[in-house]
Structures are given as C-alpha cells and as structure tokens.
Amino acid sequence: MVEIATKVDIILRLSFFSSILPVTIEQKQPPTKSVKMHVVYKDIEGDMAKKLEDLFGLASGGLIEVNPGKVLIPPKFKSYAQRIIDMEVRPDDVWLVSYPRTGSTWTQEMVWLIGNDLDFQGAKMLQQLRAPVLELTALLGNDTSGVIKLIGETVEIVESMPSPRFIKTHLPLELLPKQLDVVKPKIVYVCRNPKDMCVSYYHYCRLMHDLHGSFNDFCELFINDMVPMGPIWNHIMGFWNRRNDPNVLFLRYEELKKDLKSVVLRCAKFLNKELNEEEVQAVLHHLSFESMKNNPAVNLEPVLEYRKTALLNQMTEDKVTCMQAPSFIRKGVTGDWANHMNPEIAARFDEWIKTNLEGTGLNFQV
Ligand code: A3P
C-alpha cells in the first residue's frame, strides 16, 4: 500500500529542495559546442490576440509568439529559449514531452516510477521536483501569486540535476535542445483526442491561469491555435513522425485509459526494466485515478493551496476564478467533450481534426 506524504511535508521538501539544490549538486557537465538556432519573437496582434488577452486578463504583451513552433508564452521565455536549445542532453536522460492536458502527469508518474525501480518512497516527493517541467518558470511568467518562488528557476534546476534526469516539457520539438537529435536519450511523447484536451485545458486554465471566459470562447481560441502554448498539430506531428525511432515511445491518453497494464509493460520494455506481476499491480494501483487524485505529490494541491491563499489576499474579482474551477486531476475520462461542446462546435472540431490527421495514420480511437 502506498503511503501518502502530508501536504505540509511536501511543501517543506519543496522549499528545502529549491534552497539547497544549486549548492549541493555538482554534476554539471563541461559546456559542449552549441548549434546556434535563430529564435524569433513576435508580438501577438489582431482580434484573436485581443480575445486571448481579455479572457486571460492579460495586459497587451502578456504573451508573445515564439518561432519556430508559433508557441504562445509569457515574454519571460526570452530569457530561456536559447539556453534550452543549447542545453546539454545526457544519454541517460528520460524526457516526457506533451502538449498540456494530455495526461502528462499520469504518464510521467508511470515513467518515473518504472525508471526508478518502483521507488514508491521517493515518489512521495512532489513530481515537479523529481521530474521538473523545464520551462515552468517562464510558463508562470504572468502569475501574480508568487508561487514561482516555491518552484524556482526550472531551467537551472534541470541543468543542475544529478543523472539520470527525468525531465518534462510542453515545448514543441523545434524549441527543444538540439542535442536531443544527437545524444538520443529516451523520449516519451503523449497526446490525446483534441476535443478532450480542449475541455481539460479550459478547466486547467481557469484553475491556474485566471481564465474567466466561457468554454465556447476558449474553443474558438483553441481551434485557432491561440491558446497558451499555441498550435497542437505541429506539436503532435513533430513526435508522431519520429514514433518509430528506437529512442521514442509515442503514447495516446486513450491507450492508457483502455489498457494501462499493457502500456506499463511497453514502458518497462522501453526503459529496459523487468517487472513481475506483483510489481505491475503495484504500479497500476499507484497510477489509478483515485490514487493519483488523492496523492499530493502529483495532484498539485500544495501548489494550488499556496496560490489560492495568495490570490485571495489580493482580492480582485478576476483573480479568484480558480476557486470555482475543478481540481487539477479532474475527471480522468475519454469523451468528456460531449458534456461540454454543443453540436456546432463539436462538428467544427471534427472537421479540424479530420483535416489535420488526413494521411498521417494517427487517430485517437483505440
Ligand atoms: P481531465 O481534465 O480530462 O480529467 P496533464 O497532466 O497533462 O495536465 O493532463 C491532465 C489530465 O489527465 C486530466 O484530464 C486528468 O484528470 C488526467 N489524469 C491524471 N491522472 C489520471 C489517471 N490516473 N487516470 C486518468 N486520467 C488521469
């Protein structure tokens, strides 16, 4: 039976970790030759940009467009973009890449646990500390709650982590380290039916990014590639096109939902680990929706509580949308779009999905 650490325990570990990390870990590798790539930043303009800023309560310039990839992200990312592209990749790194709300926390938990020989004790530490989201400091660039103080400089944290590193990112392939192609560490990519992603992202943006528009407004942004992080298709195809590379494991949320056991076994094989039946059952128990929902190491509760308290103290109406939003690990089902999308929006999504999947061989039916 997996023991769950208390929230206070996790907050303490969180602050402890960020305060000691830069001085205690000295495994930084010597700098390697970097391949220069031109990152281009652009202001976002037009009606859609205005709508995006309004719905998220952002001042003009609160998000910029970063190319290649057309990523929409707070301008703070400028301090990290080139550094990430030039970052040293280690052969024993394990990268988890995904667009937000595809089940990446779930998949990361599976990958981390199997990669760490089922270290359930170690898994009590906040997942963000065990497997940091590389660009998180930039993603939270518009956050006024101060939660970033708890999380720290994520690029620096990743650079300083001891090996083997487990790293998560929502960036598209074009903005990831060039060395990924040379060093070829293990990369797990996870995607999800865009209709369910959109629903899940809407609730997440209310919870974490002060989104206060309607679901229909959010769908309009999503289908026009104008949500934070930008377009989904380029993101997915970057890795779908590499799905047969031996260092890539390409997964779909729907596969995890349908048959988690076989995904666990595939993941173990990919990571060169062997699991007996008892171990598989322990992993499945740890990864069940109920366990994940109640596990403060992955359900973001410690961070959300901190954020809510800080925002409540600021007491502006827009800033308390998170109070009404459902939890981070929300419903965990496929097909929830049907409870949110009207027939007209669903039909537009179907057409959009069909157009973008045509000829690719990818689908979300399992
Ligand atoms: P819903 O909002 O549809 O419930 P990410 O971690 O990439 O942000 O993805 C979050 C989505 O994964 C949420 O989807 C969340 O509920 C779902 N999820 C997390 N853990 C899960 C689990 N054990 N089983 C099923 N879904 C899970």
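Whatever order the structure lists them in is the order used to number ligands and atoms, beginning at 1.
Listed by chain and number, the residues in a ring-ring contact (aromatic ring centres under 6.0 Å, His included) with F56 amount to none (sequence neighbours excluded).
Close contacts between ligand 1 and M292 involve ligand atoms 20 (N), 23 (N) [criterion: under 4.0 Å to a heavy atom]. Within the listing of ligand 1, atoms 23 (N) sit less than 4.0 angstrom from a heavy atom of S288.
Considering backbone and side-chain N/O atoms, S200 comes within less than 3.5 Å of an N/O atom of ligand 1. Close N/O approach between G332 and ligand 1 is found [any backbone or side-chain N/O within under 3.5 Å]. The distance criterion of under 3.5 Å between nitrogen or oxygen atoms is not met by I329 with respect to ligand 1.
Residue contact annotation: T102 has a non-hydrogen atom under 4.0 Å from ligand 1. Using a 4.0 angstrom heavy-atom cutoff, G103 counts as in contact with ligand 1.
Outside the 6.0 Å centre-distance limit, the rings of H203 and F328 are not counted as a close aromatic pair. For an aromatic pair to be called close, the ring centres must be under 6.0 Å apart, and H235 with Y189 satisfies this. Ring centroid separation for the pair W352 and W233 comes in under the 6.0 Å cut-off. Note: Y253 and W106 meet the aromatic proximity criterion, with ring centroids under 6.0 Å apart. When ring centroids are compared, F120 and H286 come within the 6.0 Å threshold.
The option from H203, M208, R192, Q108 that lies nearest to atom 14 (O) of ligand 1, judged by heavy atoms, is R192. In this structure, of W106, Y99, F328, Y253, the residue bringing a heavy atom nearest to atom 24 (N) of ligand 1 is W106. By heavy-atom distance, the residue among R101, E109, H170 lying nearest atom 13 (C) of ligand 1 is R101.
Here the side chains of V188 and Q108 are not in contact, with every heavy-atom distance at 4.5 Å or above.
Between D117 and K273 a salt bridge is recorded (basic side-chain N to carboxylate O distance below 4.0 Å).
A donor-acceptor pair under 3.5 Å links the side-chain atoms of D196 to the main chain of G335, judged by distance alone. Here the side chain of W240 pairs a donor or acceptor atom with the backbone of T360 at under 3.5 angstrom.
For atom 23 (N) of ligand 1, the closest non-hydrogen atom of the protein is L287 O, 2.8 Å. Given atom 16 (O) of ligand 1, the protein heavy atom at minimum distance is R330 N, 3.1 Å. Of the protein's non-hydrogen atoms, the one nearest atom 7 (O) of ligand 1 is S104 OG, 2.5 Å. Atom 6 (O) of ligand 1 has as its closest protein heavy atom T105 OG1, 2.5 Å.
Contacts of D336 with ligand 1, taken as heavy-atom pairs under 4.0 Å, are absent altogether.
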